[in-house]
Amino acid sequence: FSFERTVNDFLPLSVFCVNRGQFVRLGDLQEGDTIELAKGGIVPVEVHALSEVEIDYSFITGESEPATAKAGETLLVGGKILSEGLRATVFKKAQCSTVEQLWKEELPDTGWVSPKMTAWFTIIVIALAIVGGLVWWNIDPTRALEIAVSVLIIACPCALSLAAPFAYGTAAGIMSKFGVFLKSGRGVEELAKTEHIAWDKTGTLTGQNIGGALELHRREWSGELASIVARSAHPIAAGIRRALDAEIIPEAITEWREVSGEGIYAKDHNGRTWFVGSGSGCGKPVGPTYAVCDGILVALYRPSVEYRTELAQLFSELENFGITHHLISGDTPRELPQEWQTTFAHRTHFKCSPEQKAQLISPMENCLFIGDGLNDIAAMKSAAIGLAVVEGNLGYFPKSDGILFADQLRTFAHVLRYSKRMVSTVKAAYLISLLYNLTGVVLALLGYLSPVIAAVLMPLSSISVVLFVVLWAWVFAPKD
């Protein structure tokens, strides 16, 4: 766990490597590898473009106008692809020194204690020191300066500033043992505020490894079809790939792009046009997933969804916290398990575009969005906090505030309860710190503390508060 996020938190964990025919983790990419990025993808390593591409560097430079890079030009880490996909050659391994330098130059975080609170604390302390010094000038002029200095030393905001970072940082580290990995300790505080949970369906309430029945009408084109779906991280595409008994032919596909809510558009090396997706994208009945080549039906896939039925107990436990559940999905309406009917009631929304998901979430206060990270970036941005459910290496996208391992979803109620307890612990630490400062200032004004004693007690207060929050972070930790 790290208290500071780096630029790597905003990059994908893996990308599609054309010459290998599969997704490859960034750390495993080698110089000379050819990668493919979809529209909206983030350039993860320094590459040379193989074709002209429009790219948004606002993440790096703040320049709102897109740039156009020609074939052969170097693309910097952090650029967002605006064109219909990109193929590029890696010329430097997973390094982003240029971007990291820019990252360090950005404005610092304002901290856990607000600037306004810090300003008032400083003004009050200085005022008390001046008033105390003036009063003692009339009582005993030889001690006036001593009293003023003692007040300035003993009144320290360090304990206030350290309580939350240490408490939430320790808590986030403990949460990782239960399959919840937060980018920042602030995520603990956001989790504790949760009043609504908006769930995605496919890959979240269902397993990401979707099964189904594949009707293959043109077996001779199965290699091209396998090569097309292999480039997508969508669960249905992965299901088709598993159902196909065919080898991937990386060089068979010359063009490829994926459109949210529709499907995949591609061209093969023979110039044939492909579409793999919903019926709305190819003029066929909505329901199954179609693979069409030049108007010819190549395959028909009927996914069979298996819900994570063990989540019924989780829903019940979360409702005890007063949490309201919502189902917001881009898929077609499907029958939910009987035990979930009362959980979602009439709060189910199907066939939602990414923008519609975001619009539904925006009015919800303190909403947690839990999705699989696929087409959910807008929803996660609209929510107070977004978690991406992952099975394996895929599914972690920049806009998510953390990841949640699917096999540990059942323990999420314990994590949420733990976050609430940690918020209470931080409030208690704030109270202890304020009482310490109040007591110390009063004793200093009465002349019972010398500057030397105040200098000894000041760091002890910070240490005691830090030990307090860290100790209770471990005491309140969920049990295995």
Side-chain angles (χ1 to χ4, degrees), residues 1-4 108-132 146-176 182 184-194 321 366 414-479:
F1 177 81
S2 173
F3 285 101
E4 297 181 359
D109 199 315
T110 56
W112 295 88
V113 181
S114 70
K116 187 175 181 180
M117 180 178 177
T118 304
W120 276 110
F121 184 92
T122 303
I123 293 171
I124 292 172
V125 170
I126 293 175
L128 287 173
I130 293 173
V131 172
E146 174 190 334
I147 297 302
V149 171
S150 296
V151 171
L152 292 174
I153 293 175
I154 198 66
C156 177
C158 297
L160 283 171
S161 302
L162 295 174
F166 273 89
Y168 296 147
T170 303
I174 292 173
M175 286 180 178
S176 66
L182 298 174
S184 166
R186 289 183 184 274
V188 178
E189 190 175 31
E190 293 298 332
L191 280 179
K193 298 177 184 176
T194 300
F321 296 131
N366 300 320
H414 303 304
V415 172
L416 198 64
R417 182 186 297 110
Y418 178 51
S419 69
K420 294 178 180 293
R421 288 177 174 175
M422 288 311 302
V423 169
S424 299
T425 299
V426 170
K427 290 179 180 178
Y430 283 158
L431 180 60
I432 292 172
S433 178
L434 289 172
L435 288 175
Y436 159 80
N437 278 280
L438 181 61
T439 303
V441 168
V442 170
L443 291 175
L445 288 172
L446 292 175
Y448 293 117
L449 294 180
S450 67
V452 174
I453 295 176
V456 172
L457 293 178
M458 184 268 290
L460 287 179
S461 71
S462 300
I463 294 172
S464 62
V465 168
V466 168
L467 290 176
F468 173 81
V469 296
V470 171
L471 173 64
W472 283 107
W474 285 99
V475 170
F476 286 144
K479 303 299 183 288

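Residues take their numbers from the sequence shown, with the count starting at 1. Predicted model, so just to flag it, every value in this text is computed and none were measured.
Atoms OG and CG, from Ser464 and Leu457 in turn, are 10.0 Å apart once rounded to the nearest 0.5 Å. Note that NZ of Lys420 is 6.5 Å distant from OG1 of Thr194, once rounded to the nearest 0.5 Å. Atom CZ in Phe476 sits 9.5 Å away from atom CG in Leu471 (nearest 0.5 Å). Here the OH-CG distance, from Tyr168 to Leu191, works out to 11.0 Å after rounding to the nearest 0.5 Å. Atom CG of Leu128 and atom CD1 of Ile123 lie 12.0 Å apart (nearest 0.5 Å). Between atom OG of residue Ser419 and atom CD of residue Glu190 there is a gap of 10.5 Å, rounded to the nearest 0.5 Å.
Between the side chain of Ser150 and the backbone N or O of Leu449 there is at least one donor-acceptor pair closer than 3.5 Å. Using modelled atom types, one side-chain atom of Thr425 and one backbone atom of Arg421 make a donor-acceptor pair closer than 3.5 Å.
Scanning all heavy atoms of the two residues, the minimum distance from Phe121 to Ala155 falls at CE2-O, 3.9 Å. The two residues Val469 and Met422 come nearest to each other via the heavy atoms O-CE, 4.1 Å. When every heavy atom of Gly132 is checked against every heavy atom of Leu445, the shortest pair comes out as CA-CD2, 3.7 Å. Residues Ile174 and Ala477 come closest through the heavy atom pair CG2-CB, 3.7 Å. Taking all atoms of both residues into account, the shortest heavy-atom contact from Ser462 to Leu162 is CB-CD1, 4.1 Å. Nearest heavy-atom pair across Val465 and Ala163 is CG1-CB, 3.9 Å.
For the pair Lys427 and Val423, the minimum side-chain heavy-atom distance is below 4.5 Å.
The 12-atom threshold is not exceeded at OH of Tyr448, counting heavy atoms of other residues, nucleotides or ligands nearer than 6.0 Å.
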